[in-house]
Amino acid sequence: MSSTEERIRAIVDQTVEIEGREAGRPLDLTRSVAEAGVSSSDIVAFWQMVNQEFSTDISAEEFAELLTPQDLINHLESAG
């Protein structure tokens, strides 16, 4: 099974357009999604895909507090 980080990177490549980053290029796990210029619709799609991929139910409010991909990875790994 892929690691949580690998799965998050794959979801980002599928759902999120980050300014100045092409799909497949390394993802800065410590960069805030908002600072990366991600649209709100991409963030919603990302949130839905994460909940589906990890069979979890992170609320929109809780998801909004997970500011970086690393924060999200840490949350998912601690919940698992």
Side-chain angles (χ1 to χ4, degrees):
M1 180 186 293
S2 298
S3 72
T4 302
E5 180 180 331
E6 290 169 332
R7 292 164 70 189
I8 291 296
R9 288 179 186 275
I11 295 170
V12 168
D13 282 344
Q14 293 172 18
T15 61
V16 178
E17 185 175 321
I18 298 174
E19 290 179 5
R21 178 183 175 271
E22 296 174 22
R25 288 190 54 216
L27 174 65
D28 182 350
L29 297 176
T30 61
R31 186 175 181 201
S32 165
V33 174
E35 290 174 4
V38 176
S39 73
S40 58
S41 61
D42 278 357
I43 291 172
V44 169
F46 179 56
W47 166 59
Q48 292 171 335
M49 290 288 294
V50 167
N51 277 329
Q52 181 180 359
E53 172 70 20
F54 290 90
S55 300
T56 189
D57 190 22
I58 300 171
S59 70
E61 295 80 16
E62 188 176 17
F63 194 80
E65 293 179 12
L66 301 169
L67 300 177
T68 68
Q70 188 62 59
D71 292 340
L72 177 58
I73 291 166
N74 293 344
H75 174 81
L76 289 166
E77 289 180 343
S78 69

**Message:** Could you work out, with side chain to side chain contact (heavy atoms under 4.5 Å, CB included) as the rule, every residue matching Asn74, not counting sequence neighbours?
**Reply:**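 Gln70.
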
**Request:** Taking the side chain as every heavy atom from C-beta outward, state whether Ile73 and Leu29 have any pair of such atoms under 4.5 Å apart.
**Result:**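 Of all side-chain heavy-atom pairs linking Leu29 with Ile73, at least one is under 4.5 Å.
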
**Asked** What's the verdict on side chain to side chain contact (heavy atoms under 4.5 Å, CB included) for Leu67 and Leu72, showing C-alpha distance, side-chain angles and the deciding distance?
**Response** CA-CA 8 Å; Leu67 300 177; Leu72 177 58; over 6 Å; no

**Message:** One pair to check against side chain to side chain contact (heavy atoms under 4.5 Å, CB included): Thr4 and Phe54. What are the steps and the verdict?
**Reply:** CA-CA 9 Å; Thr4 302; Phe54 290 90; 3.9 Å; yes

**Exercise: identify the closest heavy-atom pair between Leu66 and Asp71** =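 Of all heavy-atom pairs spanning Leu66 and Asp71, the closest is CD2-O, 3.9 Å.
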
**Prompt:** Do you know the tightest heavy-atom contact between Arg31 and Pro69?
**Reply:**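 Shortest heavy-atom contact: O-CD, 3.5 Å.
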
**Request:** Could I get the full list of salt bridge (charged side-chain N to carboxylate O under 4.0 Å, His left out) partners for Glu53, not counting sequence neighbours?
**Result:**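 Glu53 satisfies salt bridge (charged side-chain N to carboxylate O under 4.0 Å, His left out) with Arg7 once adjacent residues are dropped.
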
**Item:** Pairing residues for Glu5 by the salt bridge (charged side-chain N to carboxylate O under 4.0 Å, His left out) criterion, not counting sequence neighbours
**Value:**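 Glu5 satisfies salt bridge (charged side-chain N to carboxylate O under 4.0 Å, His left out) with Arg9 once adjacent residues are dropped.
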
**Message:** Can you list everything that forms a side chain to side chain donor-acceptor pair (under 3.5 Å) with Asp28? Sequence neighbours excluded, please.
**Reply:**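 Residues passing side chain to side chain donor-acceptor pair (under 3.5 Å) with Asp28: Thr30.
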
**Asked** What residues, two or more places apart in sequence or in another chain, satisfy side chain to side chain donor-acceptor pair (under 3.5 Å) together with Thr15?
**Response**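 Applying side chain to side chain donor-acceptor pair (under 3.5 Å) to Thr15 gives none.
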
**Request:** Output, in order, the C-alpha distance, side-chain angles, deciding distance and verdict of side chain to side chain contact (heavy atoms under 4.5 Å, CB included) for Val33 and Thr68.
**Result:** CA-CA 6 Å; Val33 174; Thr68 68; over 6 Å; no

Show which side-chain atoms of residues 38-47 pair as donor or acceptor with protein atoms under 3.5 Å away, not counting sequence neighbours.
residue, atom, partner, partner atom, Å
Ser39, OG, Ser41, OG, 3.2
Ser39, OG, Asp42, N, 3.1
Asp42, OD2, Glu17, N, 3.1
Trp47, NE1, Ile58, O, 2.7

